[in-house]
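The block underneath contains the structure these notes are about, expressed in C-alpha cells.
In what follows, residues are counted from 1 in the order of the sequence shown.
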Amino acid sequence: MYCLNIYSFLGVTCPIEANLLVVEGWMSDYVVKSAVTEFNQGNYQKLITAGTPIDKGSYLSEYNNFAKLTAKTLITLGIPPDQVVAAPIPEVTKYRTTASAVAVKEWLETSNIKVNSINIYSLGPHPRRSWVIYRNVLSPDIQVGVIAVEPKYYNPQRWWHSNAGMLTVIGETITYFYTRSVDMKQINYAIYK
C-alpha cells in the first residue's frame, strides 16, 4: 500500500522565494505554458531553460536542443526575450538532469546577476530527483526550491492504472534511489569525459 503513495513523495512541490525559475526543457508544451503563469506570478528576474540536443525532428527545426526550443516557446508565449536564458547541455547518454544543473550553474557563474535562490519547474514524479540534483550542484551558495506540475496523461493518485503512469513512476523511483546512491564527483566526471 505504501508503494502506491510513492508518487506524492516523488512529485514534490516545495517552492521558495526565488530569483530565478528553471524550466526543464524536455517537458510538454502544456507544462511550459503553465511555467509562464508561475513566472508572471512570482518575483523572478529570469527564466532559464536547460536541455539536451533534440534527437528527433531537429532537421525540421531551427532549434537543435530542448533548451533553445523551450526558450523560444516561452518568448512566443509572452515572456520578454531579455528575461529568458537557454542553457543547452551537450549530448549525454546518462545523468541528463545533472548535466542540466551543471549548465545552469555555469551560466550563473558567468552572468552578472546575483542569485541567492532558484525554483525548479518540473513534471510528474521527476521533481524530487531534480531537487536533489540541483541542491547537490548549487549548494551551499544557492537555495533550491521545486514546483511539480501534475501530468495530464494519467491520474497521479492512481498512477498504477495506466501504462504511462507505471512506466514513469517506477522509472523515476529507480532513478531517484540510484541518484541518491551515486557520488556526485563520479557523475560530473561521467558527464564531461
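Linking ILVMFWY side-chain heavy atoms closer than 4.5 Å, directly or via other members, places Val22 and Ile16 in two distinct hydrophobic clusters. In the hydrophobic clustering of this structure, Trp160 groups with Ile174; members are Ile, Leu, Val, Met, Phe, Trp, Tyr whose side-chain heavy atoms approach within less than 4.5 Å, directly or through other members. Put simply, Val31 and Leu47 are part of the same group of oily side chains (I, L, V, M, F, W, Y) that touch within less than 4.5 Å, one to the next. Neither Val104 nor Met27 shares a network with the other; the hydrophobic side chains, linked directly or stepwise wherever heavy atoms of I, L, V, M, F, W or Y lie under 4.5 Å apart, form separate groups for each. Ile75 and Ile48 fall into different hydrophobic clusters, where Ile, Leu, Val, Met, Phe, Trp and Tyr are joined by side-chain heavy atoms under 4.5 Å apart, directly or via other members.
In plain terms, the two heavy atoms of Ser111 and Leu108 that are nearest each other are OG-O, 3.3 Å. The nearest pair of heavy atoms linking Thr70 to Gly25 is OG1-O, 2.9 Å. Across every non-hydrogen atom of Gly51 and Ser100, the tightest pair is N-OG, 4.3 Å. Annotation for Ala103 and Ile89: closest pair CB-CG2, 3.4 Å, computed over non-hydrogen atoms.
Aromatic ring centroids of Phe9 and Tyr176 lie under 6.0 Å apart. Between His126 and Trp131, the distance from one ring center to the other does not fall under 6.0 angstrom.
Going from atom CG of Leu21 over to atom CD of Gln83 covers 11.5 Å, rounded to the nearest 0.5 Å. Atom CG of Leu20 is separated from atom CD1 of Ile142 by 7.5 Å, given to the nearest 0.5 angstrom. Between Leu10 atom CG and Asn5 atom CG the span is 11.0 Å, to the nearest 0.5 Å. In this structure, Leu77 CG and Thr73 OG1 are separated by 6.5 Å, a value rounded to the nearest 0.5 Å. Once rounded to the nearest 0.5 Å, the distance linking OG of Ser117 with CG of Leu138 reads 11.0 Å. Between atom CG of residue Asn116 and atom CD of residue Glu17 there is a gap of 10.5 Å, rounded to the nearest 0.5 Å.
The shortest distance between side-chain heavy atoms of Ile147 and Ile120 does not fall below 4.5 Å. Using a 4.5 Å heavy-atom threshold, the side chains of Pro53 and Phe66 count as separate. The shortest distance between side-chain heavy atoms of Val132 and Arg180 falls below 4.5 Å. Looking at Trp159 and Asn155, their side chains never come closer than 4.5 Å, going by heavy atoms from C-beta outward. Using a 4.5 Å heavy-atom cutoff, the side chains of Leu74 and Lys72 are not in contact. Side-chain contact between Gln157 and Glu150 is present, with at least one heavy-atom pair separated by less than 4.5 Å. The shortest distance between side-chain heavy atoms of Tyr95 and Ile133 does not fall below 4.5 Å. Trp26 places a side-chain heavy atom less than 4.5 Å from the side chain of Ser122.
Tyr44 and Glu38 are linked by a side-chain donor-acceptor pair at a separation below 3.5 angstrom, with hydrogens and angles left out of the test. Of the N and O atoms on the side chains of Tyr121 and Ser34, at least one donor lies less than 3.5 Å from an acceptor on the other residue. With 3.5 Å as the limit, one finds no donor-acceptor pair spanning the side chains of Glu91 and Thr52.
For Gln45, the CD atom counts as densely surrounded, since its 6.0 Å shell holds more than 12 non-hydrogen atoms of other residues, nucleotides or ligands. Within 6.0 Å of the CG atom in Asp82, the count of heavy atoms belonging to other residues, nucleotides or ligands exceeds 12. At most 12 heavy atoms of other shown residues, nucleotides or ligands fall within 6.0 angstrom of atom CZ in Arg96. More than 12 heavy atoms of other residues, nucleotides or ligands shown are found within 6.0 angstrom of NZ on Lys46.
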Exercise for review: Decide yes or no on side chain to side chain contact (heavy atoms under 4.5 Å, CB included) for Asn19 and Ile118, but give the supporting numbers first.
Suggested key: CA-CA 6 Å; Asn19 307 101; Ile118 68 166; over 6 Å; no
Review point. Would Tyr154 and Val169 count as a side chain to side chain contact (heavy atoms under 4.5 Å, CB included) if you check the C-alpha gap in whole Å, the side-chain angles of each, and the deciding distance to 0.1 Å?
Key: CA-CA 11 Å; Tyr154 62 91; Val169 173; 4.2 Å; yes
Practice item. Quick one: do Thr97 and Glu24 satisfy side chain to side chain contact (heavy atoms under 4.5 Å, CB included)? Show the steps, please. Key: CA-CA 9 Å; Thr97 303; Glu24 297 187 307; 3.9 Å; yes
Practice item. Apply the test side chain to side chain contact (heavy atoms under 4.5 Å, CB included) to residues Asn119 and Val146: give CA-CA distance (whole Å), side-chain angles for both, the deciding distance (0.1 Å), then the verdict. Key: CA-CA 5 Å; Asn119 277 323; Val146 66; over 6 Å; no
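Both tests pass for Lys152 against the ring of Tyr30: distance under 6.0 Å to the centre and angle within 45° of the axis.
Thr168 contributes no side-chain N or O that, together with a main-chain N or O of Gly165, makes up a donor-acceptor pair within less than 3.5 Å.
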